[in-house]
Number of protein chains: 2
Amino acid sequence: MPHLLIVDDEQDMIDLVTMYMENAGYTVSSALNGEEAETKLKEDRPDLILLDLMMPGRDGFAVGESIRSYSDVPIIFLTARGEEWDKVRAFSLGGDDYIVKPFSPGEMTARIQAVLRRFGRVEEKKEMIRYQTLAIDVHSRTVRVEGSGVQLTMKEFDLLVLLAKKRGRIFSREELLEAVWGAEYRGGTRTVDTHIKTLRMKLKNEGASIETVWGIGYKFVDGAV
Amino acid sequence: MPHLLIVDDEQDMIDLVTMYMENAGYTVSSALNGEEAETKLKEDRPDLILLDLMMPGRDGFAVGESIRSYSDVPIIFLTARGEEWDKVRAFSLGGDDYIVKPFSPGEMTARIQAVLRRFGRVEEKKEMIRYQTLAIDVHSRTVRVEGSGVQLTMKEFDLLVLLAKKRGRIFSREELLEAVWGAEYRGGTRTVDTHIKTLRMKLKNEGASIETVWGIGYKFVDGAV
DNA sequence: AAATAAGTGTGAAAATTTTTCAAAAAAACG
DNA sequence: CGTTTTTTTGAAAAATTTTCACACTTATTT
C-alpha cells in the first residue's frame, strides 16, 4: 500500500487531507514545513508527496526544487487558484501534478493514483473487475452487485473471474473445466451449465452479462456498457 | 476494433466526425440527443462515447452524468472554448477527456487512443473483417451492420466469415458444406440456400453483398468491382 | 419466340441439437 | 453428524438446422 507525505503549514489542512487519504486506503506522514518534510522524506520514504505551495519561510516551490535535486519521488502541489501558476506548471512538466484548492477527495485520489501509476509506484493494491453494477475484488474474493454483497462458492467465483477477465472471449465448456476444475477433472460438461445457472441467478440483473454462445460455450459480454 | 458512439445535435458535425473516425478505422454509431444516445449505448455497446456538450434539451453534461450512474464507458466531451469549462474538468477527473472545437482528425484520434488505452479497452489482436458498414469480429463472433449488433447462429456466422474472408471468390455449395458443415455432412445442398437466405435477411442492406453465381454457387462481392 | 429444363428464393413445418432448469445424489467440510 | 458445496441426471424448453413444396428466375432447346 503506497505511503504519502503531506506537507502543509496548516494543521487543519493536514488533518483533512490525512482523513481523506486514510479513507482511500493510503498510509500518511505529515510535515509542517520544508525542513521537517525533507527529514520525513528520508525517514518514511513516501511513494508520493503532497506539497502545499503557500508556506511561510521556504515556499512549496523551493522545497520541491530542493527535493528534486536528490530525489525523484513524485510530487503533487496543492495550490490556490492564481498562485504562482506558471512555476507550478513548469515543474509539473517533469511528470508531477498539481491540485487546485478547494478539491474533493475523489479528485485528489484520482490524481494520486494517476501519478503513482505514471511513476510505476502502484503495485496494484486491488485487482478489481467492474462491469455495470458488478464489482469483483479478485484478491478478497468478494463480489458486489448493485451495491450489495453476493455470496459465491469457489467454483462459481473462479468461473466468474475467468469469464469477466476476458470479456468477449468465448470459452468452451472444456476450456472452462480445464481452467477452473483442472485438467484431471473427469465428469460431464453439464456441470458447467449448472454453475452458470446459479451464477446468473446470484448475479441478478448482471447475470445477463454471461451470454450463451450457442453450440460453442459461454462468454462475458464485451463492450463498455 | 473499437466502436464509437457520437452524440451531437448537429447532423453535419456527426457526419464530419463519422468520416474522420471511419477513416481512422473505427466503426461508428451516432445519436442526436441524450435519449437516443442512451438507447444506442445499450444496443451497440460502444467502447467510447464522443459527447457534444452544447445540446438543446439535456446538455452533454447531464447526459454524461446519467450515463455515469450505470456505466463506466469512457466519455470524451466535445466542447467549444469557454463552454462550461469547470464542469468538464471535474468530470474529466474520472478518467474521461475533452476536446476543444475546432479539432483536427489527428488530435481526435490521438485522444481517443489515449483514453481507450487508459481504460484498457485497446484490445489485443482482434481479427476484424470489414466491408462497408459490416464489421465482423472473428474471435468474439460478433457482427455489426450499420453500427448495430446482429445475432447470427453458428452456421450463419461461419458461412459469412468464409465468404467475407475471400471476397470475390466463388464457393460452390459443396465447398461451403465441406468447409462449414464438415466432410461427414450428408444432407441436401439446399440447406446452404436456406442459410444464405437468413444471412442476407439478417445483414439487412449488406445482405446484397452475398451474391448468387448462377449455376455455380455464392460469393461475397469484391470491393474493387 | 415459345417451350422446356434446371437452378434459386422463400416460408413454414419438422427434425435435431443444445441449453436450461429443478431436484436428487454424492462429496467435502467443519 | 449436519450443513454446505458440488456433481449428476433427466425432462422441459429453447434455439438451430434441415427438409420440403411451390413460386420464381435464368438458361437452353425447339
Side-chain angles (χ1 to χ4, degrees), chain A residues 141-143 149-163 170-221, chain B residues 141-143 149-163 170-221:
Chain A
R141 299 180 71 86
T142 52
V143 175
V150 168
Q151 201 75 13
L152 296 187
T153 68
M154 189 174 14
K155 291 283 198 295
E156 288 160 2
F157 184 85
D158 290 347
L159 206 48
L160 175 61
V161 168
L162 179 60
L163 289 166
I170 304 169
F171 293 87
S172 69
R173 291 176 176 70
E174 287 75 15
E175 283 181 292
L176 294 171
L177 284 171
E178 171 141 4
V180 174
W181 276 259
E184 65 284 356
Y185 173 82
R186 294 283 174 275
T189 60
R190 312 297 306 285
T191 297
V192 177
D193 301 24
T194 299
H195 284 262
I196 294 284
K197 184 197 74 176
T198 58
L199 246 182
R200 282 175 174 159
M201 191 246 295
K202 288 185 178 180
L203 296 184
K204 286 175 279 191
N205 288 326
E206 305 300 347
S209 302
I210 300 174
E211 288 185 349
T212 304
V213 184
W214 218 87
I216 302 181
Y218 296 97
K219 72 172 177 183
F220 198 100
V221 293
Chain B
R141 300 179 72 88
T142 52
V143 175
V150 168
Q151 201 78 12
L152 296 187
T153 69
M154 184 167 44
K155 292 282 197 293
E156 288 160 4
F157 184 86
D158 291 346
L159 208 47
L160 175 61
V161 168
L162 179 60
L163 290 166
I170 305 169
F171 292 88
S172 70
R173 291 175 176 70
E174 287 75 15
E175 283 181 293
L176 294 172
L177 283 170
E178 171 142 3
V180 173
W181 276 257
E184 65 284 356
Y185 173 81
R186 295 285 175 275
T189 59
R190 301 306 306 281
T191 296
V192 177
D193 300 28
T194 298
H195 281 87
I196 294 285
K197 181 197 69 178
T198 59
L199 246 182
R200 282 173 172 159
M201 190 247 294
K202 287 184 179 180
L203 297 184
K204 286 175 280 192
N205 289 326
E206 304 298 347
S209 302
I210 299 175
E211 290 184 346
T212 304
V213 184
W214 210 89
I216 304 180
Y218 297 98
K219 71 170 180 181
F220 198 102
V221 294

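None of the values given here were measured: they were computed from a predicted structure. To find a chain, count down the sequence lines: A is the first, B the second, and so on, and within it residues start at 1.
Annotation for B:R200 and B:E211: closest pair NH2-C, 3.7 Å, computed over non-hydrogen atoms.
Contact between the side-chain N/O atoms of B:T153 and the OP1/OP2 oxygens of D:dT17 is found at a separation under 4.0 Å. In terms of phosphate contacts, B:Y218 brings a side-chain nitrogen or oxygen within less than 4.0 Å of OP1 or OP2 of C:dG9. Residue A:W214 has no polar side-chain atom (N or O) positioned under 4.0 Å from OP1 or OP2 of D:dT17. The phosphate of D:dT17 has neither OP1 nor OP2 within less than 4.0 Å of any side-chain N or O from B:W181.
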- Task: I would like to know whether B:Y218 and B:S172 meet side-chain hydrogen bond (donor to acceptor under 3.5 Å, both in side chains); could you show each step before the answer?
- Result: CA-CA 7 Å; B:Y218 297 98; B:S172 70; over 6 Å; no

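Nearest-nucleotide positions on DNA chain D place B:K202 closer to the 5' end than the other of B:R186 and B:K202.
If you take NZ of B:K155 and P of D:dA15, they are 18 Å apart, rounded to a whole angstrom. A straight line from CE of B:M154 to C1' of D:dA14 spans 15 Å, rounded to a whole angstrom.
Residues B:R190 and B:D193 are paired through a salt bridge, judged by an N-O separation under 4.0 Å between the basic side chain and the carboxylate.
Using a 4.0 Å heavy-atom criterion, one finds that B:V213 contacts the sugar-phosphate atoms exclusively. At a threshold of 4.0 angstrom between heavy atoms, the contacts of B:F157 with the nucleic acid are absent.
With hydrogens and angles disregarded, no donor-acceptor distance shorter than 3.5 Å links the side chain of A:K155 to the backbone of A:V180.
DNA chain D is contacted by A:T191, A:T194, A:H195 of residues 191-201 of chain A, taking any non-hydrogen atom closer than 4.0 Å.
Distances were taken from every side-chain heavy atom of A:R173 (C-beta onward) to each of C:dA6, C:dT19, D:dT6; the shortest belongs to C:dT19.
Within 6.0 Å of atom CD in A:E174, more than 12 heavy atoms from other residues, nucleotides or ligands are found, so the atom counts as buried in its surroundings.
None of A:I216, A:V213, A:L176, A:L159 except one satisfies the side-chain contact (heavy atoms from CB on, under 4.5 Å) rule with A:F171; the exception is A:L176.
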